**Q** 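Quick one: structure below, then a few questions.
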Amino acid sequence: MPPKRRSGGKGQGCIVSNKQSESAKASSRDGRGLTAFDRPVPAGVNAAGFGSDVVADALRATDIPYIALNPGASYRGLHDSLVNYLGNERPQMLLCLHEESAVAIAHGYAKVTGKAMAAAVHSNVGLMHATMAIFNAWCDRMPMLILGATGPVDAAKRRPWIDWIHTARDQGALVRGYTKWDDQPASPVAAREAVLRANWIANTAPRGPTYVNLDAGMQEEKLAEAVNPVNAERFMPVVAAAADAAAVRAAVNLLDGAKRPVILAGRVSRNKDAWDKRISLAERLGARVVTDLKIAASFPTHHALHAGAPGGTVLAPEAAEAVRSADVILSLDWLDVAGTFKAVGNVSAKVVQISVDHHLHNGWSMDYQGLPPVDVFIDCEPDIAVPHLLDALGTGPARPIAPRVKEFPTPDGDKLTVDHVAAALRNAVGVRPTTLTHVSLSWNGASWAFSHPLDYLGSDGGGGVGGGPGISVGAALALKGSGRLPIAVCGDGDFLMGVTALWTAAHYRIPLLIVVANNRSFFNDELHQERVARIRNRPVENRWVGQRISEPDIDLAAMARAQGAQGFGPVSTIDDLKNTLPKAIAAVEAGSVAVIDARVEPGYTAATTAAMTRKSE
Ligand SMILES: Cc1ncc(C[n+]2csc(CCOP(=O)(O)OP(=O)(O)O)c2C)c(N)n1
Ligand SMILES: [Mg+2]
């Protein structure tokens with residue numbers, strides 16, 4: 001039985017408007033929120049008394065519902081304000097066992113909602129733990145507000161030893177290359193402004209993480225006088241951006257006359273109306289559409305115009321051929337236009353690029369990819385530009401499009417492979433709406449159909465292994481109560497690096513199914529070693545050395561059970577998996593986290609294996 005809900009404190013003394021927070025209240029009442037958990041006794045604190053109370057007020061004004069955190073003395077002032085001033089609600093704390101999972105949970109939440117969640121990480125050490133997950137979110141262009149802290153900037157206030165090792169001159173420098181903005185405000189009023197600005201910048205396209213470093217001294221400082229309230233909404237204005245009319249006309253001139261147009265459907269929102277408009281655009285143009293497993297679902301994969309299955313490492317042959325023979329290519333913020341052209345070779349098409357991504361590029365990280373040739377550039381988000389294109393195109397010649405039957409590859413052999421896992425999963429979930437929150441590197445894009453923007457959330461963004469579990473927990477949090485079944489397929493390496501994110505899901509009763517495609521190896525790198533061996537004429541059979549996670553095999557189901565999740569397996573046969581899946585799904589539907597350890601044969605799709613092990617460049 002969860003403890004009875006009691007309100008801890010009042011909060012929001014330094015902010016005038018409380019309008020936005022009503023939505024958060026509503027989501028708690030309808031059972032989707034987590035306010036039954038971790039209730040503090042009422043503290044009876046009704047007015048901001050300390051610097052960190054002012055920060056807490058600002059955080060509430062952002063309307064962010066959750067703050068994932070791992071605690072630390074550097075932000076003990078803020079921690080107290082969240083518990084005893086705000087009453088641990090709006091935002092509610094989500095305790096995490098590692099900073100990397102705190103940030104990954106915020107990342108997964110943003111993948112579903114498109115909005116920033118908050119994460120708090122302790123001083124330099126917590127931030128160091130968090131860095132890889134921040135980098136993943138940055139590369140994935142996902143918003144989040146990261147609060148950090150430092151030992152007192154005023155050296156006279158530092159406790160001996162610990163405050164000194166946990167104080168760095170420029171802590172933001174640790175993450176400046178892969179955050180949109182950072183600050184270390186020197187007063188409570190400046191901190192309020194920093195929190196509002198950080199939330200505003202994170203949520204404004206191109207989205208990304210922001211970092212506010214809160215001086216411990218500032219947090220713990222007693223307010224000499226009441227802080228003048230502000231109307232927070234006015235400091236986080238909606239940024240309206242439209243497509244430039246001349247650029248739209250130029251794009252339409254190219255697209256309307258195109259004989260073999262191709263749409264590269266890239267980074268777009270989870271909005272269903274925008275999804276439908278994208279389909280209308282493809283149908284109006286008769287354009288083939290290419291999608292990518294690295295990013296979330298952007299077009300129905302079984303639409304007759306979808307070319308090949310979405311690829312991760314390599315483009316499907318049908319997609320590559322469509323790009324090669326295209327006369328006009330429309331990139332809807334495609335992740336890597338230049339790289340795609342390089343991989344395909346001989347692309348002669350005119351290119352229309354719709355993107356705001358260039359506003360984010362910096363000198364530290366090369367995640368902006370190669371510089372693509374572009375003939376018409378529309379500097380706005382694709383979801384905003386597509387309706388303008390449709391309007392400008394008007395009605396065109398009817399192009400009958402035969403619907404395509406959903407077909408999936410037939411898995412080979414009788415040993416358990418990732419393709420068998422996909423087939424068994426498809427069969428077990430039946431008609432339930434599902435969200436694939438993450439897939440393993442071994443996943444075959446042909447084995448699942450995406451027909452709604454929430455059917456698939458894309459990969460980790462930065463290629464940082466270990467993000468899968470945390471991202472999936474955050475996505476499952478955002479999907480809780482939506483009627484969708486969140487499913488993650490994680491590699492064993494990925495699962496093992498991020499496994500403690502599961503405890504947070506178990507504690508807060510966030511339902512999630514994780515199937516571990518357990519090949520007992522960092523198999524991706526076996527293929528790299530095979531390639532090097534081939535090029536150097538050395539024994540290919542040694543590729544496993546320093547890669548295999550066996551002897552002893554790790555009991556992944558036990559690792560799940562140890563954290564309060566339900567663990568199934570190891571399952572090593574197709575029948576075992578078929579029998580286990582319904583039980584695991586039933587557990588998730590009853591509110592649990594369920595993990596199936598599926599001992600699969602090592603192996604990637606034939607195309608990926610061929611590309612990764614080829615002898616030449
Ligand atoms: C943080 C991090 N460490 C190491 C790597 C290098 N790496 C790329 S894929 C991979 C193997 C992942 O193993 P697993 O999740 O089991 O997937 P598998 O390749 O076995 O299908 C590794 C170690 C990485 N990308 N990120
Ligand atoms: Mg593996």
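For ligands, and for the atoms within them, numbers begin at 1 and follow the listed sequence. Because the structure is a prediction, the values reported are computed rather than measured.
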**Q** Check this for me: does any side-chain nitrogen of one of Arg176 and Asp170 sit under 4.0 Å from a carboxylate oxygen of the other?
**A** yes
**Q** Have a look at ligand 1 and work out which part of Asn524, if any, has a heavy atom under 4.0 Å from it: side chain, backbone, both or neither.
**A** both
**Q** Does some non-hydrogen atom of the protein lie less than 4.0 angstrom from atom 2 (C) of ligand 1?
**A** yes
**Q** Test: salt bridge (charged side-chain N to carboxylate O under 4.0 Å, His left out). Region: residues 106-130. Which pairs qualify, not counting sequence neighbours?
**A** Lys111-Asp140
**Q** So for Ser440, does at least one of its heavy atoms come nearer than 4.0 angstrom to any atom of ligand 1?
**A** no
**Q** CD1 of Ile146 to CD of Glu99: how many Å apart, nearest 0.5 Å?
**A** 11.5 Å
**Q** Should the pair Arg207-Glu381 be classified as a salt bridge under the 4.0 Å nitrogen-to-oxygen rule?
**A** yes
**Q** Excluding waters, which protein N, O or S atoms are within less than 2.8 Å of the Mg ion (ligand 2)?
**A** Asp492 OD1, Asn519 OD1, Ser521 O
**Q** Answer with yes or no whether Gly466 contacts ligand 1, where contact means a heavy atom under 4.0 Å from a ligand atom.
**A** no
**Q** Which label fits Tyr604 and Phe523: parallel for a plane angle under 30°, tilted from 30 to 60°, or perpendicular past 60°?
**A** perpendicular
**Q** Would you call the rings of Tyr508 and Trp503 parallel, tilted or perpendicular, taking 30° and 60° as the class edges?
**A** perpendicular
**Q** Centroid separation under 6.0 Å, is that true for the rings of His122 and His166?
**A** yes
**Q** Are the charged groups of Arg141 and Asp367 less than 4.0 angstrom apart, N to O?
**A** yes
**Q** Can you pull out the closest protein heavy atom to atom 12 (C) of ligand 1? Residue, atom name and distance to 0.1 Å, please.
**A** Phe522 CD2, 3.9 Å
**Q** What closest approach, in Å, do His107 and Met142 show between heavy atoms, and which atom pair accounts for it?
**A** CD2-CG, 3.6 Å
**Q** Using salt bridge (Lys or Arg N to Asp or Glu O under 4.0 Å), reason through Asp460 and Lys294 one step at a time and then give a plain yes or no.
**A** CA-CA 8 Å; Asp460 43 50; Lys294 291 194 283 299; over 6 Å; no
**Q** May I ask whether Phe495 places a heavy atom under 4.0 Å from ligand 1?
**A** no
**Q** Which is closest to atom 22 (C) of ligand 1 by heavy-atom distance: Asp525, Val600, Leu496?
**A** Asp525
**Q** Taking non-hydrogen atoms only, is Cys490 closer than 4.0 angstrom to ligand 1 via side chain, backbone, both or neither?
**A** neither
**Q** What is the closest protein heavy atom to atom 15 (O) of ligand 1, and at what distance does it sit?
**A** Asp494 N, 3.0 Å
